[in-house]
Amino acid sequence: MNDDTREPDAASAAPRISIVGTGPAGLYTAQTLLRALPAAELTLWDRRPRPYGLIHEGVAADHPHTKRIARQFDRLWQSPHVRFAGGVTVFDGNAPHAARIIGSDRPSVSLETLRHCFDAVVLATGRIADRALPVPGGGHPTVRGAGTIARRLNGAPDAHRPLSGIGSDVVLVGAGNVALDVLRFLVKTEDDYSDCPVDATALAEYTARPAQRITVLARSGIAAGTGDPQMWRELVALPRGIYRVHEAGRPSTGVESAEPPAFLPGTAPSATAPSTPGPGPAIPDDRTAAARLEAVAALTDPEREAALPPGVPQPQVDLYFGAIPLRIEPVAADAAATEEELADGGTGACTVDFDWRSETRRVCADSIITAIGFDVPDDDPLASAAVAPTGPGGSGRLAPDLYRTGWLKRGPVGAIPENRACAKSVAQELLDALAGGELHVDPSKPGFAGVDAEVRARCVTTAR
Amino acid sequence: MNIHILYGTESGNAELVAEDLADHLRGEGAAVAVTELRACDPSALTPDECYVVVCSTHGDGEVPNSVEPFVERFDAEQPDLTGVRYAVFGLGDRFYEATYSQGSEHLDRRFAAQGAVRLGEYGRHDASSWDLPSDVALEWIVAVQEAFAEAAEPAGAA
């Protein structure tokens, strides 16, 4: 480290800032702050021993090109002004479950300690817990979240649940980009991953007994969905799967107003009515909606089906648009099936009831995969900072010395470009507070050196 | 030589390329300004500067969201770009075959239609390659610098 920047008598002392979370939001924050404050000292914390968050854990294993945005951050780690401190859990010391975190064996540091040691703290810890399906039976062991699948395929350290037991009848709830990642995974074979870094053991768990029948339940009509047309086209071009489309009952116009899903910012996940009006899903511009309609229509082009490779078993995919899940019920004989039993490939059969065109339909499922958004669980170490997500606008400032950015601030909406814009804007709020005098640089604060010695010794870092 | 780099970025790659090009060009003695397209006034484009346009592709072969305001202003103002010289470096991804690297082309077409002249080869980076965008851009800019220099000489104007 450059000792000159630590001179306590320097007329303009270098700010020392902690950033918690090294996914895109945290890293773009670091990039922006370093450009504006070249002498600043940044400590980047992550609960994982390696950085990059969802870039590696959440981006689909078969989209390696998307992961390459991580390379622009290589320079951060080379800067003498940046320290990575990995394998450390940052927690709210005032939370009811703080004692459990302190008592665990994993290195941890409280937010209060960080605020004591550093001039400012930016929280960029995201929202990575799969949102639960809010229907009776939504907690059945056969239900699994899309995030858990992505992490398992990407070889994430705590992705313990094997991918066996997913097939052969699968219900997929959701039709946004995350759901489309799952659908691709469900229809692909091992050969389709030849150019992709993927956890081969995990993939083999699934391909040993792949899905034969897939039912996708999409709440909105085709045009108003959130899946990128490009993602649908990818499925069209992939010679896997025979598709049938069941359109929503209402006429499908270019601009449909679907009721905003309850989990979007401004609404409470489990409330029956929004607590405050939320921004709702973006009304798609006509061009995107038209492209989406065209792509989905191409899935049922008879020429596509005719061109599928002969002799390869093809899963049947039924896409229901305007479908609302109602309940999940175990088939009586398997009512006591546990997650462990299901992981061994047991049938764990359930029925899934859903509303479609004002009728209740029922389908059998060996597993149910949800791709309906992400959130922060109540027992998350920083749950208090996740309350009341702001949506795309709004401030990330929690206090002059404390900020939140990325999905933690906005809610689980928007991909990498949106997180970049958010990170820059919240970083600017911090810079404004510095410039305006609401945030002071205090050279007497200890910085990283003030953190518990054992944590400093045990954390994964490039600098000492 | 006055060089003005205009960039349009979605995930930061084009911005990084713009900055790396700027560092290199300044190192060679040029006066370099860097502006995000979002903040650029189309009617301020002038023959006194050599423009390097660095732009990514977004969505269906479109310009990045942050560039749309520039495009809208450009279409509204229809500036006369006679005598304006520019080079283009486009970022794209061959994973998206149908629309590969088309983002920057939206700008190139407009500049050309208003009388500006493109110099040098059309630069392109493919995100699905193993090359770093800046590495490709720094190789590409060499010939562009020469083309700018040649274009500046005949009229005797700096």
Side-chain angles (χ1 to χ4, degrees), chain A residues 23-25 27-32 34-35 55 59-60 62-76 177 195-196 227-234 236-238 282 284-292 294-295 298 392 414-425 427, chain B residues 7-23 34-39 54-69 71-72 91-103 106 124-138:
Chain A
L27 295 176
Y28 285 125
T29 301
Q31 221 182 46
T32 309
L34 216 48
R35 280 178 185 150
I55 298 176
V59 174
D62 61 347
H63 277 178
H65 58 289
T66 305
K67 299 187 180 185
R68 297 214 184 113
I69 70 133
R71 294 199 293 177
Q72 73 178 273
F73 300 118
D74 288 347
R75 302 173 187 208
L76 275 178
N177 289 332
D195 290 334
C196 308
D228 286 349
Q230 178 57 41
M231 299 273 284
W232 285 107
R233 282 201 287 272
E234 199 179 344
V236 173
L238 188 63
D285 64 76
D286 289 344
R287 218 169 30 187
T288 310
R292 193 176 291 119
E294 198 181 318
I416 289 167
E418 286 73 30
N419 281 315
R420 177 174 178 272
C422 181
K424 285 167 75 88
S425 103
Chain B
Y7 71 91
T9 193
E10 196 75 34
S11 302
N13 290 315
E15 180 179 24
L16 197 54
V17 168
E19 290 183 353
D20 285 347
L21 287 175
D23 285 344
V34 179
T35 304
E36 191 168 357
L37 278 161
R38 180 216 312 260
V54 182
C55 190
S56 305
T57 308
H58 171 65
D60 253 352
E62 306 295 337
V63 294
N65 285 335
S66 62
V67 176
E68 277 173 19
V71 170
E72 281 164 23
L91 285 82
D93 191 339
R94 283 204 192 278
F95 185 85
Y96 306 106
E97 292 168 21
T99 56
Y100 170 61
S101 192
Q102 287 177 6
H106 293 280
R124 293 196 194 262
H125 174 262
D126 172 15
S128 285
S129 74
W130 284 105
D131 303 315
L132 287 170
S134 291
D135 289 347
V136 177
L138 287 167

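In what follows, chains carry the letters A, B, and so on, assigned in the order in which the sequence lines appear, proteins first and then strands, with residues in each chain numbered from 1. Hydrogens, waters and symmetry mates are skipped; everything else that's a heavy atom, side chains included, is used.
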Which heavy atom of [X] sits nearest a heavy atom of [Y], and at what distance?
X	Y	result
A/C196	A/P64	SG-CD, 4.1 Å
B/V17	B/P133	CG2-CB, 3.5 Å
A/I55	A/P24	CG1-CG, 3.5 Å

Do the side chains of A/P417 and B/P64 get nearer than 4.5 Å, heavy atoms only?
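Side chain of B/P64 against side chain of A/P417, heavy atoms only: no contact under 4.5 Å found.
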
About how many Å separate CD1 of A/I416 and CD1 of A/I69, when rounded to the nearest 0.5 Å?
4.0 Å

Atom pairs, donor to acceptor, chain B/chain A, distance under 3.5 Å:
residue : atom : partner : partner atom : Å
B/S11   : O    : A/Y28   : OH           : 2.4
B/S11   : O    : A/Q72   : NE2          : 2.9
B/N13   : OD1  : A/Q72   : NE2          : 3.3
B/E15   : OE1  : A/R35   : NH1          : 3.4
B/E15   : OE1  : A/R420  : NH2          : 2.1
B/E15   : OE2  : A/R35   : NH1          : 3.3
B/E19   : OE1  : A/R35   : NE           : 3.4
B/E19   : OE1  : A/R35   : NH2          : 3.3
B/E19   : OE2  : A/R35   : NE           : 3.4
B/D20   : OD1  : A/R75   : NH1          : 2.9
B/D20   : OD2  : A/R75   : NH1          : 3.3
B/D20   : OD2  : A/R75   : NH2          : 2.6
B/D60   : OD1  : A/R233  : NH2          : 2.1
B/A127  : O    : A/R68   : NH1          : 2.7
B/S128  : O    : A/R68   : NH1          : 3.3
B/S129  : O    : A/R68   : NH1          : 3.1
B/W130  : O    : A/R71   : NH1          : 3.0
B/D131  : O    : A/R71   : NH2          : 3.3

